[in-house]
Colleague: 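First the structure, then my questions, so here it is.
Lettering of chains follows the sequences in order, A, B, ..., and the numbering in each one begins at 1. Owing to the predicted nature of the structure, the values given are computational and were not obtained by experimental measurement.
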2 protein chains.
Amino acid sequence: MKFEAVTIKDIARALGLSTSTVSRALRDSYEISQETKQLVLDCAEKLNYQPNPIALSLKEKRSRSIGVVVCEVANNFFSQIINGIESISYSKGYNVIISQSHESYEREVIDLRYLSSRSVDGLLISVSTETNDISHLKALHERGLPIVFFDRITEEIKTHSVIVDNFKGAYEATEHLVKNGYRRIAAIANSEFLNITSERLAGYKEALLTNGITPSDTYIKHCFYGGMVFSEIEDAVNRLFTLKQKPDAIFTTSDKLTTGLLKTLKRRGLRVPDDIAVVGFSNTDIAELLNPSLTVVRQPAYEIGQAATELLLQLIESKRPIKQFEKRVLTPQLMIGDSSAPKKKK
Amino acid sequence: MKFEAVTIKDIARALGLSTSTVSRALRDSYEISQETKQLVLDCAEKLNYQPNPIALSLKEKRSRSIGVVVCEVANNFFSQIINGIESISYSKGYNVIISQSHESYEREVIDLRYLSSRSVDGLLISVSTETNDISHLKALHERGLPIVFFDRITEEIKTHSVIVDNFKGAYEATEHLVKNGYRRIAAIANSEFLNITSERLAGYKEALLTNGITPSDTYIKHCFYGGMVFSEIEDAVNRLFTLKQKPDAIFTTSDKLTTGLLKTLKRRGLRVPDDIAVVGFSNTDIAELLNPSLTVVRQPAYEIGQAATELLLQLIESKRPIKQFEKRVLTPQLMIGDSSAPKKKK
DNA sequence: CTGAAAGCGCTAACAC
DNA sequence: GTGTTAGCGCTTTCAG
C-alpha cells in the first residue's frame, strides 16, 4: 500500500540534468536558462511531480502547519472558531492539526508533546478546565514555539491573546435581567481556574451592584467540567432550588452550561421564563428556535479564530523577536429572546 | 523564533557514542548492551530528547497522519464525526489533518492535493455537494493512497465506506408522518448528485407508496448547497406553499436543511405542527428544546467516525493489498418530538 | 556490541 | 548556466 511519488531525481534523470538544476528551475531561479526551465517544467508537469513538503520541513525546520488545542470540537463555539482558524491558515498556505483535550490536563500535555514533536510552527490554544499549572506551555514557549491563546487564556505567558470582552458580555446579560424585573439572579459558571469564569462573574456581580443588588455566593454555582458531566448541572440546579430564597433567573457562562441548564429545567417541569428566566453565553445558531427562544450572549467565534491565527502567523513569520504583545478583545453580542422576558407580577 | 530541538547527535556527542548506537539504544535493539542502553536512555531523558517525526517520515515514507475532508466543521453532524475520528486515531498514534471543502469541488481538489503532498497515510472523505466527477480521488486511489468514504460516498471507487441506513431512516420518518395522519408530505432534499439524497428520497417514496400515497415530484425540492445558502431553503418553501395542494408536512434530508426550514417557517409565521409538520435528519443535541420539540432522524455520528477510522487504519497497516471491501451500514434513530404530533382534524 | 556510511527529497554554498 | 557536494534527523546495512 505504498505510494511512490515522483521526485526531483526522476526529473533530473529523465532530462539528463543534475538535481540542483532541476530544483533551481522549479523555483524559477535566475541562474537557469529559459530553455532549461521550460524543459524541466514540462517534464515535471508530464510526470505529475509534487514537491515533498516533508523533505522541505526537515531541511527548513519548519512545517507550515499550526497546532490547535481545544477542549472539544463538537461544540458550536469551538467549531466556529476552528472554521475561522482554517480560513486564515488555508489562505496563507498553512495547515491545521487539531487536537482535543477533552478538558483533561493530562491529555492536554500529551497533545502538546505530540504537536511540538511534529514540529508545528506555532500553537493556538484554549486551555483545558483542569489546567492551572501551565509549566508545560511555558517550557514550549521558552524553547521558542510561538503561541497565541484564545478564549481561555493565561497571563503567565507573555504572548498574544484573543478573547471577547467577557466582563461586558456578562454585565449586559445580567443588567438585562435586572431591567426586566428579576432580582434573585443566580449564576452557573465554569471552573474557577478559568479566566473566562472570573471575568464573566465579575461582570455579573458588577451589574448586580450597580443596580443595587448585593451579589451572594450562595447564588453562584460552579461546574468544574463545564457541563461535560451532565450531573454537575443537575446538582447546581438542585442546590439553587433548595435555597430558601429561590432564584428567579439564572445566568450561565458557557454554551454547554446553557443548553444543559435548559434540559435540566425542562426535565424538572420548570417553565422558562415564568418559573425562572435564563440568559447564557451560547453560540448555538438556533437560539431563536428554542422554546422559549433563548436570550444569549453570542461571541464572534469565527472572528476570534481568524484574529488568533493572524496574530500567530505574524509571530511565526516575524524576522526578529516580538516583544510587544497584543491582547485583542472582541465584542460579544446580547441577542434577546423570550427566555428573559419581563417578569410578570404575581 | 526558532526552536532548537535535541537530536540523536547531541546525545551521541554527550556520551561519546555514535549516532547509530544511540538510535539503536533508543529503539531497544538487542544488539546493544544493557549499560549503554541505560546510559543513552538517561541522557535522552536529561536532555529532554524528542524524536523528530519529520525525519522519520522522510525515511519511512509514512507520516502517521491521516487526512480528513468534510464540507464544514461547524456542523453538528460532522463535528461529532470528527470527534469519533480523533478518538481512534489518537489511540493508535496517528494525527488528523482536517480540511473543509465548503461544498466546493474546486476547493476539495486543492485540499486533496495538499493532503497528498503532505504524505498523509490515508484519507477519510465525505465528498462535497459539487463533486460528481471523482477522477481526482481515483487518481490518488490508483497511486495507492488508502481511502475510506463516509456519509457521502461513491460506488465508483472500490474501497471501504461507512454510512447509515439512509433508506431506513427516511422510510421510518416518512411512515411516522403518515401514521400521524399527514398525507401531503413534501421533501426538501440535498443535491441530486449525492448518494445520501437518492437513498433518503427512495426511503421517503417507498414509505409513501407502502401507505397508499403516490409520491409526486412537485413535492420534492432540492437545495443544491444543502442550505449553506439560506435563500435556497426559502425558495423551496415558497414553491411548496404556492402549490394548489399545499403540503401538510415536510421531510428534510440533512441538518442544515432541517434547521433552515424551521427558521423559514418561523419567519413566515407558520406554526409547527399545526400548519405544517416537520421531520428531518439532524444531529443537533438540543432537538428536545426546540419549539416545538423536533422529531429527528439522528445518525450515530461519533460511531461513523470511529468505524471509518478503524477501516482506514486497517487499510494503511495491512501488509498485503486488500481486495475485499466492506460497506459498513449503521442504524439511524428516529427520535420523536412534537413537530410531527398527530394531525388535528379541522 | 559498536561505528562508519549511505540514503530518504530537497536546497544551497561552492565550484567550474 | 550547470554540476558537485554536504547536510537537515533518523535508520539501517555492512564492517569490524
Colleague: Looking at Phe193(A), I'd like to know if the NZ or CZ of Arg152(A) sits under 6.0 Å from its six-membered ring centre while staying within 45 degrees of the ring's axis.
Modeller: no

Colleague: Could you tell me whether Arg24(A) sits above the aromatic face of Tyr30(A), with NZ or CZ closer than 6.0 angstrom to the six-membered ring centre and within 45 degrees of the axis?
Modeller: no

Colleague: Output yes when Glu72(B) and Arg107(B) qualify as a salt bridge under the 4.0 Å nitrogen-oxygen rule, no when they do not.
Modeller: no

Colleague: Rounded to the nearest 0.5 Å, what separates atom OG in Ser191(B) from atom CD in Glu103(B)?
Modeller: 8.5 Å

Colleague: What nucleotide among dT2(D), dT11(D), dT5(D) has an atom nearest to a side-chain atom of Leu56(B)?
Modeller: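 Selected nucleotide: dT11(D).
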
Colleague: Can you tell whether the side chains of Glu155(B) and Lys327(B) come within less than 4.0 Å, N to carboxylate O?
Modeller: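 Looking at Glu155(B) and Lys327(B), the cut-off is met.
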
Colleague: Any residue in residues 22-38 of chain A with a heavy atom nearer than 4.0 angstrom to DNA chain C? Just list them by number, or reply none.
Modeller: Ser23(A), Arg24(A), Arg27(A)

Colleague: Whole angstroms only, please: what is the CG-P distance between Leu39(B) and dC1(C)?
Modeller: 15 Å

Colleague: Taking atom C1' of dG3(C) as reference, at what distance in whole Å does atom CD1 of Ile11(B) sit?
Modeller: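 For the pair Ile11(B) CD1 and dG3(C) C1', the rounded distance is 17 Å.
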
Colleague: Does anything in residues 32-44 of chain B form a side-chain hydrogen bond (donor to acceptor under 3.5 Å, both in side chains)? List the pairs, not counting sequence neighbours.
Modeller: Asp28(B)-Lys37(B), Ser33(B)-Thr36(B), Gln38(B)-Asp42(B)

Colleague: Can you check the Ile8(B) CD1 to dG7(D) P distance for me, whole Å?
Modeller: 18 Å

Colleague: Which residues pass the salt bridge (Lys or Arg N to Asp or Glu O under 4.0 Å) test with Arg64(B), sequence neighbours left out?
Modeller: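 Arg64(B) satisfies salt bridge (Lys or Arg N to Asp or Glu O under 4.0 Å) with no residue once adjacent residues are dropped.
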
Colleague: Could you tell me if the ring centre of His136(B) sits under 6.0 Å from that of Tyr105(B)?
Modeller: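 Yes.
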
Colleague: If you check the Ser20(A) side chain, which of dC10(C), dT11(D), dT5(D) turns out closest?
Modeller: dT5(D)

Colleague: Base, sugar-phosphate alone, or nothing: which one does Leu17(A) contact when heavy atoms must sit under 4.0 Å apart?
Modeller: sugar-phosphate

Colleague: Do Ser20(B) and Ser23(B) have side-chain atoms, one donor and one acceptor, less than 3.5 Å apart?
Modeller: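 No - no donor-acceptor pair under 3.5 Å links their side chains.
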
Colleague: Between the opening five pairs and the closing five pairs of the helix from dC1(C)-dG16(D) to dC16(C)-dG1(D), how far apart are the helix axes, to 10°?
Modeller: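 Inter-axis angle at the termini of the helix from dC1(C)-dG16(D) to dC16(C)-dG1(D): 60°.
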
Colleague: Between the protein and nucleotides 6-8 of chain C, which nitrogen or oxygen pairs are less than 3.5 angstrom apart?
Modeller:
from: dG7(C); atom 1: N2; to: Lys59(B); atom 2: NZ; distance (Å): 3.0
from: dC8(C); atom 1: OP2; to: Lys9(A); atom 2: NZ; distance (Å): 3.1

Colleague: Any pair with a residue in residues 305-314 of chain A that passes side-chain hydrogen bond (donor to acceptor under 3.5 Å, both in side chains), sequence neighbours left out, goes on the list, sorted by first then second residue, please.
Modeller: Ser87(A)-Gln306(A)

Colleague: Can you tell if the side chain of Leu313(B) reaches within under 4.5 Å of the side chain of Tyr94(B), non-hydrogen atoms only?
Modeller: yes

Colleague: Just to confirm, is there a sub-4.0 Å distance from OP1 or OP2 of dT2(C) to any side-chain nitrogen or oxygen of Ser18(B)?
Modeller: no

